[in-house]
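Here the structure comes first, spelled out in structure tokens, and everything after it is commentary.
As the structure lists them, so they are numbered: ligands from 1, and atoms in each ligand from 1.
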Amino acid sequence: MPPMTPTSRAEGLAIVIVAAGRGLRAGGGLPKQWRDLGGRMVLARTIEAFAGFGPICLVLHPEAMGRYPAVEAMAELVVPGGAERAHSVRAGLEALAPLAPDRVLIHDAARPLVPRETIEAVIAALDHGLAAAPGLVLTDALWRVEAGAVAEAPSREGLVRAQTPQGFDFKAILAAHQAHEGPPAADDVAVARAAGLAVKVVPGHENNLKITDAQDFIRAERILGCDMDVRTGNGFDVHAFEPGESLWLCGVEIAHDRGLKGHSDADVGMHALTDAIYGALAHGDIGQHFPPSDPQWKGARSEIFLAHAADLARVEGFAITHCDVTLICERPKIGPHAEAMRAELARIMQIEPGRVSVKATTSERLGFPGREEGIAAMATATLVKA
Ligand SMILES: Nc1ccn([C@@H]2O[C@H](COP(=O)(O)OP(=O)(O)OP(=O)(O)O)[C@@H](O)[C@H]2O)c(=O)n1
Ligand SMILES: C[C@](O)(CO)[C@H](O)COP(=O)(O)O
């Protein structure tokens with residue numbers, strides 16, 4: 001392979017991503033780097049985080065070599081790792097040596113959410129030294145625990161949590177790894193320090209967690225915003241015409257040559273929408289909350305029902321992000337009233353009118369709406385808990 005030139009992507013920078021671990025503490029049957037995290041493989045996310053910084057050497061478990069070609073294709077080099085993290089790093093560095101990079105970043109595959117700013121801070125620090133790594137300031141007190149009890153509260157003064165990517169002068173860290181003796185080091189900073197290199201610390205990031213146990217997948221998905229609870233409910237209602245001079249539809253009174261028959265104000269559109277919200281919450285239907293057998297709801301404004309459903313959604317932590325009502329009738333014409341209906345429904349639900357749709361269709365003179373015996377309405381509601 002030719003040596004890197006000044007026109008190479010990140011001016012002599014190369015990246016080692018170590019992904020040869022077994023992920024035993026995370027469980028889940030498959031090593032954590034190959035598992036899904038919010039719809040994308042952990043390792044694919046990690047590699048993407050370094051896109052554009054320089055050639056990537058991916059270090060895989062020997063048994064995983066060739067098993068995920070699409071992931072391997074995201075890296076310039078793919079090599080087998082060793083029994084310990086330090087062995088895997090060394091394998092990656094030695095594979096990069098023919099490219100003769102000036103500097104190298106060494107990163108855990110298990111840290112897929114590393115922010116760009118952390119990577120950039122490490123690279124910037126390498127302009128002023130041979131080694132740099134992100135450290136996250138401790139905010140909790142520290143205890144040393146013996147037999148389940150606090151034995152000591154060591155000072156956290158000057159302590160930080162070590163993260164990756166850890167960045168180095170390439171020749172210096174390669175030589176340090178090759179010279180390292182004794183038990184394998186926990187990380188490359190330890191190897192560098194053992195070789196006498198001073199390591200500058202730059203700010204780490206809370207999002208740059210190392211996925212280590214099963215709970216970390218949940219934390220990482222929360223950071224990605226993938227733990228949203230999105231619900232869709234639907235509602236359907238029918239009311240028959242009766243003699244009258246006006247009717248209520250979606251909170252708007254419309255003059256008409258007939259009214260709608262019902263125990264309440266018979267607002268068929270609002271009833272369908274109310275049921276859609278109850279449906280999304282899995283909280284029954286309008287009849288369960290406001291039984292027609294209860295005289296107190298006789299002639300009631302349907303606004304009470306919709307407001308109740310919307311309040312219930314809020315209490316349970318859901319935002320009504322969208323709803324859509326379709327009225328099915330030959331007459332009255334809905335178009336001239338649709339904007340007023342949207343505004344009224346939005347007011348009752350305390351959401352923006354832009355999140356409310358009201359539309360209408362005829363049934364081509366077929367069935368009971370076509371014969372103008374009554375009006376049908378259907379609705380959907382989308383609820384989101386973030
Ligand atoms: N022999 C090893 C061991 C670890 N790693 C990598 O080093 C990083 C940090 O290690 P850790 O979180 O301890 O991962 P695992 O060793 O896979 O986890 P466990 O100890 O739970 O099995 C991970 O990206 C892991 O894939 C590696 O490349 N080679
Ligand atoms: C390198 C490291 O990510 C720094 O925090 C960490 O030491 C590697 O993980 P392990 O759990 O210590 O193997």
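Contact annotation: for K210 versus ligand 1, heavy atoms closer than 4.0 Å belong to the side chain alone. At a heavy-atom cutoff of 4.0 Å, ligand 1 is contacted by the side chain of S88 but not by its backbone. Residue contacts with ligand 1 for P31 are absent, since no atom lies close enough (heavy atoms, distance under 4.0 Å).
In this structure, R231 fails the cation-pi test against F318, since its NZ or CZ atom is not both closer than 6.0 Å to the six-membered ring centre and inside 45 degrees of the ring normal.
Listed by number with element, the atoms of ligand 2 under 4.0 Å from a non-hydrogen atom of R85 are 1 (C). Using a 4.0 Å cut-off to heavy atoms of R111, the atoms of ligand 2 that qualify are 2 (C), 3 (O), 4 (C), 5 (O).
Less than 4.0 angstrom separates atom 10 (O) of ligand 1 from none of the non-hydrogen atoms of the protein. At a distance under 4.0 Å, no protein heavy atom can be found next to atom 12 (O) of ligand 2.
Looking from atom 4 (C) of ligand 1 to the surrounding protein, the closest heavy atom is G21 CA, 3.6 Å. For atom 8 (C) of ligand 1, the nearest protein heavy atom (residue, atom name, distance) is D108 OD1, 3.4 Å.
In summary, the aromatic rings of F305 and H271 are positioned with their centroids under 6.0 Å apart.
Of the polar atoms of K32, at least one N or O is found under 3.5 Å from an N or O of ligand 1, judged by distance alone. Of the N or O atoms in K210, one or more lie within a sub-3.5 Å distance of an N or O in ligand 2. Residue Q166 has no nitrogen or oxygen atom sitting less than 3.5 Å from a nitrogen or oxygen atom of ligand 2, judged on distance alone.
Under the 3.5 Å distance criterion, with hydrogens and angles disregarded, a donor-acceptor pair is assigned to the side chains of Q296 and D294. A side-chain donor from one of H239 and D237 sits under 3.5 Å from a side-chain acceptor of the other.
The closest approach between a heavy atom of D108 and any atom of ligand 2 is below 4.0 Å.
Looking only at side-chain heavy atoms (C-beta outward), V18 and D108 come within less than 4.5 Å of each other. In this structure, M270 and R301 have side chains that are not in contact, with every pair of non-hydrogen atoms separated by 4.5 Å or more.
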